[in-house]
Amino acid sequence: MSMGLAERVRSAVAALLHATGESQTALAAALGVSQAQVSRRQSGSAAWSLADCDAVAAHYGVDVLDLLAGPTRAVEALPAARRRLAGGPTTTARPAAVPDGGTR
């Protein structure tokens, strides 16, 4: 079953937030809305308008069509300079497993 447009946009925004390490609060500030408004749009209780999609795409430096195409395409289009650094403060890595069942 394929995703509808609204779900693709929500998924793409979530993927961009994750890929950049940005919070909903930071995205809201960039868009000139409240964090609660971003949260409602992300939960599906409110819709991302076309103007919102255009603003989100511009904020992340991606084409709006890449945003509308869904999370994979949106993140692939994300400029390298916008990606968070591996191991940065928002990364939550698990310890690696070692052969004896412990962790490193």
Side-chain angles (χ1 to χ4, degrees):
M1 187 160 119
S2 66
M3 283 191 253
L5 180 59
E7 188 177 349
R8 276 198 314 269
V9 171
R10 285 193 307 272
S11 294
V13 171
L16 289 167
L17 286 167
H18 179 75
T20 60
E22 191 170 52
S23 67
Q24 284 187 358
T25 302
L27 176 59
L31 300 178
V33 299
S34 70
Q35 181 277 329
Q37 289 173 300
V38 170
S39 179
R40 282 193 293 276
R41 290 173 180 139
Q42 282 302 95
S43 71
S45 63
W48 288 102
S49 70
L50 290 176
D52 293 333
C53 290
D54 195 42
V56 168
H59 173 68
Y60 287 113
V62 301
D63 189 278
V64 71
L65 294 177
D66 291 323
L67 179 73
L68 297 175
T72 302
R73 184 116 156 244
V75 171
E76 287 173 351
L78 187 65
R82 289 301 315 264
R83 297 175 189 271
R84 68 177 168 188
L85 298 174
T90 57
T91 301
T92 54
R94 294 182 182 188
V98 292
D100 68 0
T103 58
R104 290 185 220 189

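These figures come from a predicted structure and were not determined experimentally.
Panel note: side chain R8, backbone L67; no donor-acceptor pair is recorded below 3.5 Å.
Within the structure, no pair that satisfies the salt bridge (charged side-chain N to carboxylate O under 4.0 Å, His left out) test touches residues 28-38, not counting sequence neighbours. Pairs passing the salt bridge (charged side-chain N to carboxylate O under 4.0 Å, His left out) check and including a residue from residues 44-73, sequence neighbours excluded, read R41-D52, D66-R73.
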Return a table of donor-acceptor pairs under 3.5 angstrom between the side chains of residues 23-30 and protein atoms on other chains or two or more places apart.
unit_1	atom_1	unit_2	atom_2	d
S23	OG	T25	N	3.4
S23	OG	A26	N	3.0
Q24	OE1	Q35	NE2	2.7

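Heavy atoms of other residues, nucleotides or ligands lying less than 6.0 angstrom from CG of L5 number more than 12.
Closest of all the heavy-atom pairs between E76 and R83 is O-NH2, 3.7 Å. Of all non-hydrogen atoms in L31 and A55, the two that sit nearest each other are CD2-CB, 3.6 Å. V9 and C53 get closest at one heavy-atom pair: CG1-SG, 3.8 Å. When all heavy atoms of E22 and Y60 are compared, the pair lying nearest together is OE1-OH, 2.5 Å.
Using a 4.5 Å cut-off on side-chain heavy atoms (C-beta onward), P71 and M3 make contact.
Residue Q42 holds its CD atom at 6.5 Å from CG of L17, rounded to the nearest 0.5 Å.
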